[in-house]
Number of protein chains: 2
Amino acid sequence: MELNKFLPYQLSVLSNKISAGIAKYYRQQYNISVSQWRVLALLSDKGNQTAKELTIKSQMDKVRVSRTMKSLEERNFISQQACQKDKRARRYKLTKEGDALINEVKPKAIAFEKRLLETLSTIQIDELQNCLQALNSQVDKITEEI
Amino acid sequence: MELNKFLPYQLSVLSNKISAGIAKYYRQQYNISVSQWRVLALLSDKGNQTAKELTIKSQMDKVRVSRTMKSLEERNFISQQACQKDKRARRYKLTKEGDALINEVKPKAIAFEKRLLETLSTIQIDELQNCLQALNSQVDKITEEI
DNA sequence: TATTTTTAGTTTCAAATGAAACTATTTTAT
DNA sequence: ATAAAATAGTTTCATTTGAAACTAAAAATA
């Protein structure tokens with residue numbers, strides 16, 4: 001058994017390499033982290049979400065989301081509003097500044113992904129998506145057994 | 001643009017989920033970390049390697065490898081030997097205990113991977129390997145430009 | 001209605017991380 | 001041969017992390 005043939009290892013190396021590449025770039029250019037980027041992207045897609053909702057969609061844990069919301073608010077990229085249904089929660093949305101930022105970063109992210117995928121054919125991309133999807137469900141299945 | 005259609009995000013979520021699943025399991029059962037597991041697997045495949053060599057093969061940074069070597073040595077899973085060619089380096093190999101450990105863990109890792117892949121066809125697995133390989137080269141290409 | 005349990009989010013604390021500085025040695029260049 | 005640059009590996013230090021404990025509010029149950 002060779003480590004570099006081991007799928008979990010391969011995925012980890014690839015994912016870390018990609019994330020590190022993106023993170024470094026966005027940190028340098030805009031001083032935002034991957035967590036911040038994720039939350040901004042989600043709020044850009046749909047506003048007025050609670051931390052709980054963002055936790056689920058971002059797949060980050062609640063501590064990390066809580067800290068991300070705090071930092072984004074301090075930097076004036078998001079604003080909050082009381083949640084009438086549930087006094088524990090708040091609804092967040094992008095400020096004008098947050099919106100401007102994400103609209104500057106987003107095209108870069110899309111361009112990065114495009115460059116990444118240009119090495120694959122359309123069929124390969126489709127098939128890759130299927131595989132990732134299938135693997136995701138499978139991990140869930142396996143880990144809930146353990 | 002939706003976050004969950006974004007390949008870097010998808011890969012990160014999948015990889016973290018898999019790594020967390022494995023890490024949790026091996027931590028519980030054997031009290032070893034992913035870093036430790038990687039080094040043990042590499043030394044099991046080929047002994048008498050230096051930290052530098054392991055750094056390259058494990059794709060971890062030298063600080064992390066250094067700490068991993070220290071912890072593995074403290075727990076008596078590896079031993080070191082002076083390196084005659086280069087007095088700064090040492091060559092590491094598994095002890096009897098380290099060998100026993102990795103031979104217990106390895107089948108579990110292989111079984112985990114097998115379960116993971118049983119959701120994919122042989123052709124899909126092949127194609128997935130090709131994609132990962134291609135993406136890897138592509139990231140290298142992209143990031144060295146930035 | 002009162003009590004218990006669950007949930008949203010924050011804080012605390014200890015561990016993991018990695019960049020940068022460091023030591024010791026080796027390699028390269030002059 | 002000597003000085004300068006590069007390399008192997010470690011340590012330091014500041015940051016990031018996430019589990020566990022916590023607060024406050026909501027939902028479920030008695």
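Just so you know, these numbers use all the heavy atoms, side chains as well, and skip hydrogens, waters and symmetry mates. Within every chain, numbering begins at 1; the chains are lettered A, B, ... in the order of the sequence lines, protein sequences first and strands thereafter. Every value quoted in this text rests on a predicted model; they were computed, and no experiment measured them.
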Is [X] touching bases, backbone alone, or none of the nucleic acid, heavy atoms closer than 4.0 Å?
X     : value
B:R64 : sugar-phosphate
B:K85 : sugar-phosphate
A:T50 : sugar-phosphate

Measure [atom1]/[X] against [atom2]/[N] and give the value in whole Å, please.
X     : N      : atom1 : atom2 : answer
B:D86 : C:dT23 : CG    : P     : 19 Å
B:Q80 : D:dA8  : CD    : P     : 17 Å
A:L72 : C:dG9  : CG    : P     : 15 Å
A:M60 : D:dT17 : CE    : C1'   : 13 Å
A:E74 : C:dT10 : CD    : C1'   : 14 Å
A:Q49 : C:dA8  : CD    : C1'   : 15 Å
B:Q36 : C:dA15 : CD    : P     : 15 Å
B:I32 : C:dA15 : CD1   : P     : 20 Å

Answer yes or no: does a side-chain N or O of [X] lie under 4.0 Å from OP1 or OP2 of [N]?
X     : N      : answer
A:K52 : C:dA8  : yes
A:S66 : C:dG9  : no
B:R90 : D:dT10 : yes

Do [X] and [Y] pair up side chain to side chain, a donor and an acceptor below 3.5 Å, judged on atom types alone?
X      : Y     : result
A:R38  : B:S12 : yes
B:Q49  : B:K57 : yes
B:K108 : B:Q29 : no
A:R64  : A:S35 : yes

Checklist entry - Mapping A:C83 and B:E53 onto DNA chain D by nearest heavy atom, which one lands closer to the 5' end? => result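 That would be B:E53.
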Checklist entry - Of A:K87 and A:R27, whose closest DNA chain D nucleotide lies nearer the 5' terminus? => result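 By nearest-heavy-atom nucleotide position, the 5'-most residue is A:R27.
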Checklist entry - If you count the non-hydrogen atoms of other residues, nucleotides and ligands that lie under 6.0 Å from CD in A:Q133, is the total more than 12? => result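 Counting other residues, nucleotides and ligands, CD of A:Q133 stays at 12 neighbours or fewer.
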Checklist entry - Taking the side chain of B:D61 as its heavy atoms from C-beta onward, which of D:dT10, C:dG18, C:dA8 lies nearest to it? => result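 Per side-chain heavy atoms of B:D61, the pick is C:dG18.
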Checklist entry - Picking from D:dT11, D:dG18, C:dA8, which would you name as closest to the side chain of A:V63? => result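 So the nucleotide nearest the side chain must be D:dG18.
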Checklist entry - Any donor-acceptor pair under 3.5 Å joining the side chain of B:R67 to the base of D:dG9? => result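 Checked by distance alone, the answer is no.
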